[in-house]
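Here the structure is a predicted model, which means the values were calculated and not measured.
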Amino acid sequence: MKVTSAEFIISAVGPKQYPTDGLHEIALVGRSNVGKSSLLNKMMNRKGLARISSRPGKTQTLNYFRVNQMLYFVDFPGYGYAKVAKTIKEQWGKMIEGYLKNRKELRFIIQLVDIRHAPSKDDIAMYDWCKQIGIPTVVVATKGDKIARGRWLQHTKVIRQSLNLRGDDTIIVFSSETGQGKDELWAEIMRRIRAGEEIARESAAKAEETAPANE
């Protein structure tokens with residue numbers, strides 16, 4: 001997809017700060033230092049729009065980035081960083097749980113895992129949480145340039161098995177350095193958005209058909 005506009009909108013700490021324009025929202029989750037900011041910058045063709053912190057765990061809000069006046073990438077706080085205070089972790093947990101369970105604009109999750117390593121306990125817990133809530137997930141295996149292409153299949157198999165991936169969820173190998181996976185990820189994003197819109201139209205049509213006629 002051609003990105004013609006991309007901008008940071010807000011760092012939100014609760015529902016009152018979430019955008020109200022009804023655009024599609026795609027949440028990005030992953031461990032600290034897995035490469036969320038780098039992925040966002042590559043996907044939006046904007047160097048430095050999503051800030052890459054040298055201090056893991058720094059992001060403590062839901063950061064909204066609007067693309068082409070069509071959708072939002074919602075960058076979640078990184079999980080799994082031990083030095084973050086327990087009270088902050090608890091606040092994150094409540095904010096994230098509320099968003100995942102109640103945000104009607106959320107279409108699906110992009111979960112980032114490092115292709116070089118088997119998913120951590122936090123990665124598995126996050127994916128299981130999304131499954132329990134019923135949120136579709138696209139798993140992105142980052143840092144694909146760090147291992148030989150011939151080993152990608154072996155490593156993605158480990159990720160698939162460790163997460164016990166649902167059949168309709170996808171794994172995409174990505175590299176923010178080379179751009180590997182960028183077009184594939186955009187294609188998957190647009191496919192899922194179009195499919196969701198089609199389902200919504202069909203549901204609306206059925207509701208209209210079954211509505212009682214005005215007397």
Side-chain angles (χ1 to χ4, degrees), residues 1 3 6 8 26-63 65 67 71-84 92 96 108-131 135-166 169-192:
M1 187 181 79
V3 175
F8 169 74
I26 301 164
L28 277 79
V29 303
R31 287 176 57 86
S32 298
N33 275 358
V34 75
K36 287 194 286 95
S37 296
S38 296
L39 180 142
L40 281 168
N41 287 329
K42 179 61 69 173
M43 292 295 288
M44 296 186 293
N45 291 333
R46 299 293 190 274
K47 291 183 178 180
L49 183 58
R51 294 182 180 178
I52 301 170
S53 175
S54 60
R55 181 158 60 92
K58 185 176 181 180
T59 302
Q60 301 175 13
T61 56
L62 300 185
N63 292 331
F65 299 87
V67 182
L71 62 84
Y72 289 104
F73 284 127
V74 186
D75 186 19
F76 274 38
Y79 53 75
Y81 190 62
K83 292 185 179 180
V84 176
W92 289 358
I96 291 170
F108 59 92
I109 294 285
I110 295 176
Q111 181 175 3
L112 281 65
V113 297
D114 190 327
I115 195 172
R116 298 172 297 177
H117 311 294
S120 68
K121 291 181 179 179
D122 290 319
D123 291 325
I124 294 169
M126 185 73 223
Y127 185 78
D128 285 345
W129 194 10
C130 291
K131 281 201 293 189
I135 302 173
T137 304
V138 175
V139 177
V140 172
T142 62
K143 307 186 181 183
D145 58 291
K146 302 299 183 183
I147 64 172
R149 181 182 288 265
R151 296 170 58 197
W152 286 357
L153 182 60
Q154 173 190 350
H155 283 250
T156 55
K157 183 179 180 180
V158 170
I159 293 170
R160 185 180 296 276
Q161 292 176 340
S162 298
L163 296 179
N164 191 21
L165 212 69
R166 290 173 290 195
D169 287 343
T170 309
I171 295 181
I172 295 173
V173 177
F174 193 93
S175 168
S176 59
E177 295 294 325
T178 67
Q180 163 66 39
K182 176 184 173 182
D183 291 342
E184 186 180 354
L185 182 53
W186 266 124
E188 182 68 13
I189 288 170
M190 298 311 300
R191 183 188 71 80
R192 287 175 178 263

Legend entry - side-chain contact (heavy atoms from CB on, under 4.5 Å) assessment of K146 paired with I115: CA-CA 9 Å; K146 302 299 183 183; I115 195 172; 5.8 Å; no
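- Side chains of D123 and S120: a donor on one and an acceptor on the other come within 3.5 Å.
- The two residues L39 and S176 have their closest heavy-atom pair at N-CB, 4.4 Å.
- A side-chain donor-acceptor contact under 3.5 Å links K131 to the backbone of N164.
- With rounding to the nearest 0.5 Å, the separation of CG in N45 from CE in M1 is 9.5 Å.
- Across D114 and T142, no two heavy atoms sit closer than the pair CA-OG1, 3.7 Å.
- Counting all heavy atoms, side chain and backbone alike, I135 lies closest to F108 at CG2-CA, 4.1 Å.
- Nearest heavy atom pair, residue M44 against residue A6, reads CB-CB, 3.8 Å.
- Rounding to the nearest 0.5 angstrom, the gap separating the NZ atom in K36 from the CG atom in L112 is 7.5 Å.
- Remark: D169 engages Y127, R166 in a side chain to side chain donor-acceptor pair (under 3.5 Å) (not counting sequence neighbours).
- The distance from atom CD1 of I172 to atom CD of E184, rounded to the nearest 0.5 Å, is 4.5 Å.
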Legend entry - Intermediate values then yes/no, side-chain contact (heavy atoms from CB on, under 4.5 Å), R192 and T170: CA-CA 11 Å; R192 287 175 178 263; T170 309; 3.4 Å; yes
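- The CG atom of L165 sits 8.0 Å away from the OG1 atom of T137 when rounded to the nearest 0.5 Å.
- Here the shortest heavy-atom pairing between M43 and V3 reads O-CG2, 3.5 Å.
- Close placement of the F73 and W186 rings is indicated, their centers lying within 6.0 Å of each other.
- Listed here is the closest heavy atom pair of H155 and R116: CE1-O, 3.8 Å.
- Between V139 and V113, some side-chain heavy-atom pair lies under the 4.5 Å cut-off.
- In this structure a side-chain-to-backbone donor-acceptor pair under 3.5 Å is missing from N41 to K47.
- Between R46 and F65, every side-chain heavy-atom pair lies at or beyond the 4.5 Å cut-off.
- Interatomic distance, CZ of F76 versus CE of M126, reported as 6.5 Å (0.5 Å rounding).
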